[in-house]
Amino acid sequence: MALQEERYNFRETEAKWQKAWAERECFKADTDPSKPKYYVLEMFPYPSGRLHMGHVRNYTLGDVVARYKKAKGFNVLHPMGWDAFGLPAENAALERGVHPGTWTRQNIDVMREQFKPLGLSLDWSREIASCEPSYYKHEQKMFLDLVKAGLAYRKESWVNWDPVEHTVLANEQVIDGKGWRSGANVEQRKLNQWFLKITHYADDLLTAIDVLDRWPDKVRLMQRNWIGRSEGARIFWPLVDASGTDRTEPLEVFTTRPDTLFGTSFCAIAAQHPLAAQLAQSDEGLADFIAQCARAGTSTAAVETVEKKGHDTGLRARHPFKPDWLVPVYVANFVLMDYGTGAIFGCPAHDQRDIEFARKYELPVRCVIAPANEDAEAYAETLEAGDEAFTGDGVTINSEFLDGLNVDEAQRRAIEKLEELGRGEGMVQFRLRDWGISRQRYWGCPIPIIHCKDCGPIAVPDKDLPVTLPEDVAFDKPGNPLEHHRTWKNVTCPACGKGALRETDTFDTFFESSWYFARFCSPHLEDKPFDKEEAMKWLPVDQYIGGVEHAILHLLYSRFFMHALSDCGYLDLKEPFDGMFTQGMVCHETYRAADGAWVEPSDVRKDDDKAFRLSDDAPVSVGRSEKMSKSKRNTVDPQRILETYGTDAARLFLLSDSPPDRDLEWTESGIEGAWRYLGRLWRLAVAAQSIPDGALPEKMDPAVLAVVRQVHRALATVGDDIEKFHFNSAVARVRELTNVVANLDRMQDGADAVFRFGIKTVAQLINPFMPHLAEEIWQRLGQKTILADASWPIFDPSMLEEDTMTIAVQVNGRLRGTITMASSTDRGACEAAALALPAVQKQLEGKTPRRVIVVPKKIVNIVAV
RNA sequence: GCGGGUGUGGCGGAACUGGUAGACGCGCCAGACUCAAAAUCUGGUUCCUUCUGGGAGUGGGGGUUCGAUUCCCUCCACCCGCACCA
């Protein structure tokens with residue numbers, strides 16, 4: 001019988017099952033109250049208009065979890081939406097004259113169509129787009145509630161200004177002194193801005209990190225560092241004029257080292273400190289110095305190389321413990337206004353910056369801490385002569401009532417004393433600063449505030465919400481189109497009825513992403529952002545998946561938001577993401593022509609070790625693998641891959657090649673390998689199809705029974721691997737099982753039935769990874785249910801027990817052979833069998849073993865010598 | 001500078017609480033089928049070697065142990081985060 005071999009038609013099969021799933025609404029979040037819930041979420045995409053490999057990887061990872069959890073009997077919520085506000089839409093408007101809204105909505109349509117062939121188990125009925133008034137109107141209300149609760153406020157402050165984007169950036173968005181998107185050097189400007197009081201929750205956000213044990217340690221650490229809790233003291237230093245008269249206002253200083261107070265030799269304030277500005281009015285030199293500081297760059301290089309400089313204000317500060325002790329007060333370039341109080345006391349012996357400053361201005365260096373194991377006097381002498389501060393623990397010296405105490409004790413004692421004297425108090429300082437949310441952009445959610453000359457900033461009344469964006473805007477000049485719009489901002493004051501101006505700033509787009517996961521719980525509610533009960537039912541997100549680039553920004557903002565919304569009564573939840581997984585990037589080799597131009601992978605032909613450009617056969621040099629990016633032109637278009645190999649093959653490769661948290665190198669041969677497996681499994685399934693269905697026979701050849709055992713072992717491990725995110729190992733297990741089943745000797749007793757059973761199990765196990773082919777095999781093997789709805793297969797624990805065991809035999813820790821015997825064999829018999837091995841005897845050369853270690857079922861180690 | 005991570009064949013990576021290092025895949029080599037190619041199938045593939053065997057081997061060096069990729073010390077390389085935070 002010469003049948004033409006049928007080839008696996010992924011196009012037909014994938015479309016067929018995607019249709020079937022959609023028709024049956026397999027992935028609609030179920031409401032069956034008897035099942036436990038499981039919320040799987042990948043960070044929602046920005047609708048750039050083109051799907052990239054990173055998306056495919058991200059959503060595939062989530063899909064594995066969603067499908068697996070569904071099979072395990074959970075009510076799975078796995079929604080999708082669009083993080084649709086953002087700058088690229090405005091850039092498109094600028095470059096192509098298309099309205100940002102039109103551009104964005106078109107992109108959403110395009111990307112939705114690109115997502116569909118991936119066969120993701122998404123509940124599309126919950127789709128949301130954050131740029132729609134139906135979404136953002138709720139956040140306008142939220143914002144006004146935050147204002148009422150004192151969690152949002154407006155203040156004039158120095159802000160990070162991106163001169164390219166013409167907008168303000170949050171501290172989190174300034175990387176190395178540059179805008180996170182534009183890369184332009186960020187300038188400092190003083191503007192009126194809205195802030196969210198994330199600092200109110202600094203301690204809560206910090207301590208709750210301990211509970212997030214299903215988050216990557218790296219992310220937890222980054223957040224801890226970002227919040228930056230320091231314990232110390234606030235100290236008041238009475239000030240004395242150059243003329244010798246005491247001023248009324250003392251200088252307030254923050255320190256973490258109150259134990260070093262007796263080593264003080266100066267105080268210093270930031271150039272932006274109000275006192276500096278005040279003094280500069282009558283001190284031209286100081287004014288110059290302040291201007292000079294403002295000009296200095298904030299980039300790494302600038303900060304590293306800049307010399308510690310100061311300007312003596314002429315003021316003197318009284319030491320908190322010894323009022324007659326006066327130290328000079330400087331304005332110094334290394335003191336930051338936005339940390340602590342913007343003022344420090346300098347203790348050169350125990351702070352590296354202070355010693356550099358002291359050397360330059362010839363200020364005293366007084367050692368007050370010496371290492372416990374050193375001769376204090378000699379140590380102090382060396383230290384005071386050198387240029388290196390000592391910052392470690394030790395014993396306090398030259399410090400009156402603090403003498404003899406270690407650093408911890410001395411700090412405690414110093415704070416007690418400050419409090420007794422009313423000269424200061426213990427306090428906790430955070431590095432975290434409030435989140436500035438005003439952006440001078442069009443394509444964002446309008447801030448629902450009206451500015452009235454008489455009444456000040458007034459909330460837009462509920463009945464006037466939402467404040468929607470005007471459609472007729474021009475992008476012909478730099479700056480905010482809302483500001484330039486002729487009529488939009490002209491309104492009447494809701495309080496007094498007089499003419500007033502609308503706030504033209506919009507929210508930072510991280511505002512939208514701070515609560516979208518809650519919106520998914522009741523995505524189409526008109527009057528509320530979400531139903532409290534629904535939100536409480538689904539939240540927290542059980543498994544969140546996204547890139548590590550949001551380790552601080554989005555993940556910290558969202559945590560804060562849930563704390564804040566809970567305090568405003570929206571829900572009762574602290575932490576939004578119970579489990580967090582950060583996936584690695586998708587990388588590809590880079591290619592450059594002789595002239596340095598980047599060459600795309602699709603334009604490269606490889607010949608042995610050499611590579612050439614297809615278009616002109618010019619040699620190209622092969623560079624290291626780097627994150628796929630437009631600039632290096634090393635991207636691979638998912639669309640092309642899906643058309644050539646289908647989504648199952650793409651998914652399988654992405655999942656099997658590297659562990660999900662590591663970077664993955666995309667290779668053509670890798671995807672081809674995955675494709676080959678699909679074909680192979682398909683052929684095996686076709687073969688299995690011709691075997692009649694039925695229970696496994698009683699009588700089986702031992703070799704066949706061993707295969708049944710292997711099946712059960714795979715059943716036991718694959719689920720485990722999936723739960724631990726060891727997807728690459730899970731795939732390896734399934735492929736291993738496939739090999740074992742394929743290699744069955746079909747002539748043996750019971751082999752046919754086991755072969756069929758094996759292939760069916762492979763289909764079930766591989767289902768979360770490549771669901772279309774799995775579904776097809778499932779159907780072909782006569783299953784009436786749909787695999788997407790089927791439950792995860794269970795294994796028979798008795799089948800995991802082997803009746804024989806293979807034990808390694810070592811002589812002096814080196815492998816010399818193995819013995820295979822019945823599992824019930826006792827230690828003595830194992831030892832005897834091991835010693836009987838010819839290879840062992842040869843090694844022993846007639847000597848008697850000194851010792852024999854027998855580890856049951858694992859190893860026999862014979863110690864000779 | 002501070003903090004964190006990683007390091008295993010030609011390549012991506014496996015290896016449970018210390019117990020047969022290299023699962024699974026890519027690549028490569030050989031063979032089968034074919035007029036041929038593709039596809040597919042079978043076998044091999046850590047390195048060295050005087051090859052029915054022996055030796056080395058998980059970044060380098062040292063230690064603990066009968067036994068170390070796994071634990072400890074130390075050094076090196078690369079990657080990431082933060083950075084004048086008082």
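Chain identifiers are assigned alphabetically (A, B, ...) following the order of the sequence lines, protein sequences preceding nucleic acid strands; residue numbering begins at 1 within each chain.
- Comparing A/Gly813 and A/Thr255, the nucleotide of RNA chain B nearest to each residue sits closer to the 5' end for A/Gly813.
- Using a 4.0 Å heavy-atom distance criterion, A/Leu221 is classed as a sugar-phosphate-only contact.
- Rounded to an integer number of Å, the gap from A/Ile766 CD1 to B/G25 P is 12 Å.
- Within the 4.0 angstrom heavy-atom criterion, base atoms lie near A/Asn333.
- Contacts with RNA chain B (heavy atom under 4.0 Å) in residues 665-673 of chain A: A/Ser669, A/Gly673, listed by number.
- Remark: P of B/G18 and CG of A/Asn861 are 17 Å apart, rounded to the nearest angstrom.
- Within the 4.0 Å cut-off from OP1 or OP2 of B/U42, at least one side-chain nitrogen or oxygen of A/Asn743 is found.
- Taking 4.0 Å as the cut-off between side-chain N and carboxylate O, A/Asp210 and A/Arg224 count as a salt-bridged pair.
- Here the C1' atom of nucleotide B/G55 and the CD atom of A/Gln843 are 11 Å apart, to the nearest Å.
- Remark: the separation of the P atoms in B/G27 and B/G54 is 35 Å, to the nearest Å.
- Comment: A/Arg257 does not engage A/Asp351 in a salt bridge, judged by the lack of any side-chain N to carboxylate O separation of less than 4.0 angstrom.
- If you check every strand for non-hydrogen atoms under 4.0 Å, A/Arg816 touches sugar and phosphate atoms only.
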CA sep, side-chain torsions, deciding dist, call: A/Arg220, A/Asp217, side-chain contact (heavy atoms from CB on, under 4.5 Å):
CA-CA 5 Å; A/Arg220 296 209 280 172; A/Asp217 288 340; 3.3 Å; yes
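- We find that CG of A/Asp354 is positioned 20 Å from P of B/G1, with the value rounded to whole Å.
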So what is the 5' to 3' dot-bracket string for RNA chain B, if pairs are Watson-Crick or G-U wobble with both distances under 3.5 Å, crossing pairs use [ ] and | means the partner sits on another strand?
(((((((..(((......[....)))((((((.......))))))((((...))))..(((((..]....))))))))))))....
Nucleotide N/O to protein N/O under 3.5 Å, stretch nucleotides 78-82 of chain B:
| residue | atom | partner | partner atom | Å |
| --- | --- | --- | --- | --- |
| B/C80 | O2' | A/Lys218 | NZ | 2.9 |

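- Salt bridge status for A/Arg733 with A/Glu736: present, with a side-chain N to carboxylate O gap under 4.0 Å.
- In this structure, A/Phe727 atom CZ and B/A14 atom C1' are separated by 17 Å, rounded to whole Å.
- Closest of all the heavy-atom pairs between A/Thr582 and A/Pro216 is OG1-CG, 3.6 Å.
- One finds no side-chain N or O of A/Arg735 lying less than 4.0 angstrom from the OP1 or OP2 phosphate oxygen of B/A23.
- At the heavy-atom level, A/Ser656 lies nowhere under 4.0 Å from the strands shown.
- When every heavy atom of A/Tyr339 is checked against every heavy atom of A/Ser230, the shortest pair comes out as OH-OG, 3.3 Å.
- Between the CZ atom of A/Phe345 and the P atom of B/C84 there is a distance of 20 Å, given to the nearest Å.
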